[in-house]
Amino acid sequence: MKLRYFLFVSVASSVSAFGQAAPSPTPAFSETATRAIANMPAGQVTQRERREQAIAKLFEGQRHVWRTKRSNSPAANAVSNGLAREAFQKAVEFDPAFAEGYTALAELEINRRAVGENEVVEAINLASIATRIEPDNFGGHRLLARLYSYKSGLKNPKLNPVYSGKAISGWKQVTRLDPRNAEAWAFLSEFYAKTNKSAEQIEALRNWLGSAPPDDVQFYAVVMGSQESLQPETASIKLGTALLQAGRTQEAIETLSVVVADDPGNAAAIDILREALEETKGEMASVALLSLKQAVFANPGNVSLINLLARVYARLGKIEEAAKLLRTSAAKLISSDRESSSSLFISLGDLYNEAEMYSESAAAFEESLAARGLDNSELLAGDEREFVMFIFEKLIQTHKAADRRDSVLAVINRAGKVFGKGDLFSDRQLISFLRETGKKPEALATVRSVRLKYPNDYGFIRLEATMLTETGKVDEAVALIKKLMEPKHGLGNSPELSGTGVSLPLPAHDKFSNYLFISNLYSQANRGKEASEAANQAYAIAVGGERKQIAKLTLATAQQMSGDFSGAEGTLRELIKQTPGNPIALNNLGYFLLERNDRFEEAFGLIEQALKVDPTNPSYLDSLGWAYFKLGKLAEAEKHLKDAARIDAGSSAIYEHLGDVYQKQGKSEFAKTYWQKALNLASDPADISRLKGKLSF
């Protein structure tokens, strides 16, 4: 491994060691110097004349180094470096106890165009001599800290424990001599982060933030990457992140709010502040309010800032203020930046949706189309088509949440006109709507009518199998999928329809993924034995660790459905052991424990871990809401289940859980509304019977 331009000086050449003609310095020079020092009589003091000669030679060498920084000629630089080395070596010949001479030689040793291991070792030896002679030699300690940092592998996944320990000691010496040295505190913070010393990392970052502006920043960029900086705002962002990771959310918000107020265009600070605010309770969000308002005032076109301020307003319960901010900002931008204006109207629609103000939400989404001039467009293409499709999906979900069936159908019909007859968007939306409203035979008939036009569309083949299972025909569904595994069966590459009821993301359509799909169909039909067999078949042909994990997750679901609770738990715990942090395994194990009324606190912790990985996953939100329900925390349960339903409107389980929460809260009409939605989506006879019993209660 070569270290290029370590201190950004030019090429070195050969000179003598202690006056003796020799090749370019090697470790033998530092060994010679060590012996020379050891042979000095105890208590000997260098004569004043020789000391002055040593200092003069040091200055002479520094002048030669200075010339290399001003020259672009490799030949001239080689000569200057050679003369510098000769002068520095002459300095320590005059005074073997001259610490600055060894420091200068050490720096010159690594100022080559390409530095190898021998040069680094020699530089360490020379700098070590300097610090032994003079324990307060700043240059020697800083050089050692830098070299040990380089050798520690700080940017690698695993630190070298020996060199990282030496680097930490070295930087501590630098901060002892210069308590406001930004480079030292920055490196210490990185080492503490890599060694999981959160408190020490935060202290180092605070010290970095209070340090003097650095005048030498190249080495930090060489080791940490060219995108890294020693500037105070970098320290603030890193401090905010460290505080957030340590659970000190309010301190993180306070730190990041100052950065955003000072630099409203700092996208990294805005993103981390947004993450911090997601972790807060409403009253803590007020800390960021003033600085964000100042930042938005100074940057009225910064969409990220406007959205973040609107979120803070909403968290504080100031929905109208948030809406006014978004609407006013969108109106100001419409003439100069139509896309940004449209984006803010979308944020306004999402805000109203979360507040269950569905009419206002739908109107805002329509305004987002108008802002881009797409409200009356037909037969769109490219990005415009994708954008209109995105808005139509939001409109459909909004009308579904408001239980406005005619409005849903109106948007679906409108989509058919806009996208044309050859597009499947409106067909997919209609099928999904029919399923969710309990019209499964009509949904199945619609799927089959589409398949007449696209017989090899793989997504619709799977969707037909799902619909067959939901209408009690799982054997017919499995036969349809098994037919795909016959030799020479040609298939298209159309994407699958979302909301088919499959709980796992499936790989490309091959034999492995088909067995997984069959297992899910059997699980959906509550036939655990066949589901387990299909999952085991998938596992047997799985190639690679990722596919084997997916097969095991599918098997655990099948085991749970068949009543093999200990088997399901064992499968999931083994998976978590093999892949710590696997969110699906964490969530499923947590949910299975809840369903067994077993170890609620452990289940809650597992589900929370899954949500940290994927905070908007509706299955994980459902599990967390159900955990809160089991713990008797109904308000929290309602919030998370409503969030889950907003993201996934096709889940019978989510709606049933919401109904149970409302029933427990004494809101019987709300409970029946959501139980009915769950019944419309249910396919398993046991689920249907249970839901009918709840509705008749």
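The closest donor-acceptor contact from the side chain of His141 to the backbone of Pro135 lies under 3.5 Å. A donor-acceptor pair is defined here as one N or O able to donate and one able to accept, closer than 3.5 Å; no such pair exists between the side chain of Lys151 and the backbone of Val121. Using a distance-only test at 3.5 Å, with no hydrogens or angles considered, no donor-acceptor pair links the side chain of Ser343 to the main chain of Glu339. A donor-acceptor pair is defined here as one N or O able to donate and one able to accept, closer than 3.5 Å; no such pair exists between the side chain of Ser329 and the backbone of Leu326. Between the Ser164 side chain and the Asn160 main chain, a donor and an acceptor come within less than 3.5 Å of each other. Looking only at distances, a side-chain donor or acceptor of Tyr102 sits under 3.5 Å from a matching main-chain atom of Pro96. Not a single donor-acceptor pair under 3.5 Å links the side chain of Thr579 to the backbone N or O of Ile576. Between the side chain of Asn299 and the backbone N or O of Asn302 there is no donor-acceptor pair closer than 3.5 Å. Judged by distance alone, with hydrogens and angles left aside, the side-chain atoms of Ser128 form a donor-acceptor pair with the main-chain N or O of Ile124 at under 3.5 Å. Of the possible polar contacts, none joining the Arg142 side chain to the Gln173 backbone as a donor-acceptor pair under 3.5 Å is found.
Between Ile607 and Leu589, every side-chain heavy-atom pair lies at or beyond the 4.5 Å cut-off. You'll find the side chain of Tyr620 reaches within 4.5 Å of the side chain of Ile584, heavy atoms only. Considering only heavy atoms from C-beta on, Ser342 comes within 4.5 Å of Phe387 through its side chain.
For the residue pair Ser619/Asn587, the side-chain donor-acceptor check at 3.5 Å is not satisfied.
With respect to Glu602 and Arg573, a salt bridge is recorded, a charged nitrogen being found less than 4.0 Å from a carboxylate O. Residues Asp95 and Arg51 are paired through a salt bridge, judged by an N-O separation under 4.0 Å between the basic side chain and the carboxylate. In summary, Arg206 and Glu203 do not engage in a salt bridge, as defined by a charged side-chain N under 4.0 Å from a carboxylate O.
A cation-pi geometry, defined here as NZ or CZ lying under 6.0 Å from the six-membered ring centre and within 45° of its normal, does not hold between Lys293 and Phe297.
Summarising the local packing, CG of Asn156 is surrounded by more than 12 heavy atoms from other residues, nucleotides or ligands at distances under 6.0 Å.
Residues Thr234 and Ser229 approach most closely at CG2-O, 3.4 Å, considering heavy atoms. What you find for Leu256 and Ile237 is that their closest heavy atoms are CD2-CA, 4.2 Å. The minimum heavy-atom distance linking Asn137 with Thr131 is given by the pair O-CG2, 4.3 Å. The two residues Arg50 and Glu93 make their nearest non-hydrogen contact at NH2-O, 3.2 Å. For Asn582 against Ala585, the heavy-atom pair with the smallest separation is OD1-N, 3.2 Å. Across every non-hydrogen atom of Ala130 and Ala99, the tightest pair is CB-O, 3.5 Å.
Partners of Ala235 by side-chain contact (heavy atoms from CB on, under 4.5 Å), not counting sequence neighbours, listed by chain and number: Trp208, Leu209. Checked against side-chain hydrogen bond (donor to acceptor under 3.5 Å, both in side chains), Glu183 has the following partners two or more places apart in sequence or in another chain: Arg146. The salt bridge (Lys or Arg N to Asp or Glu O under 4.0 Å) check on Lys57 picks up Glu60, with sequence neighbours excluded. Scored by the ring pair (Phe, Tyr, Trp, His ring centres under 6.0 Å) test, Phe191 finds no partners at all (sequence neighbours excluded). Partners of Trp171 according to the ring pair (Phe, Tyr, Trp, His ring centres under 6.0 Å) rule, which considers only residues two or more places apart in sequence or in another chain, are Phe187.
To the nearest 0.5 angstrom, Lys194 atom NZ is 12.0 Å from Ile168 atom CD1. Note that OG of Ser149 is 6.5 Å distant from CG of Leu154, once rounded to the nearest 0.5 Å. Atom CG of residue Asn181 and atom CZ of residue Phe138 lie 4.5 Å apart, to the nearest 0.5 angstrom. Rounded to the nearest 0.5 Å, atoms CD1 (Ile306) and CG (Leu333) are 6.0 Å apart. Residue Leu575 holds its CG atom at 7.5 Å from NZ of Lys552, rounded to the nearest 0.5 Å. Between the CZ atom of Phe98 and the CZ atom of Phe88 there is a distance of 9.5 Å, given to the nearest 0.5 Å.
Under the salt bridge (charged side-chain N to carboxylate O under 4.0 Å, His left out) criterion, the residue pairs touching residues 152-176 are Asp136-Arg176, with sequence neighbours excluded.
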Would you check, one step at a time, whether the test side-chain contact (heavy atoms from CB on, under 4.5 Å) holds for Lys238 with Gln201?
CA-CA 10 Å; Lys238 288 178 178 287; Gln201 178 196 7; over 6 Å; no
Carefully, step by step, assess Arg180 and Asp178 under the rule side-chain contact (heavy atoms from CB on, under 4.5 Å).
CA-CA 5 Å; Arg180 300 186 66 215; Asp178 180 8; 4.2 Å; yes
Yes or no on side-chain contact (heavy atoms from CB on, under 4.5 Å) for Ile129 and Asn125, after CA distance, side-chain angles and deciding distance?
CA-CA 6 Å; Ile129 293 172; Asn125 290 338; 5.6 Å; no
For Glu52 and Arg48, run salt bridge (charged side-chain N to carboxylate O under 4.0 Å, His left out): C-alpha distance rounded to whole Å, both residues' side-chain angles, the deciding distance at 0.1 Å, then the answer.
CA-CA 6 Å; Glu52 290 175 348; Arg48 179 178 177 178; 3.1 Å; yes
Go through the steps for Asn207 and Thr175 under the test side-chain contact (heavy atoms from CB on, under 4.5 Å), then give the verdict.
CA-CA 10 Å; Asn207 284 319; Thr175 61; over 6 Å; no
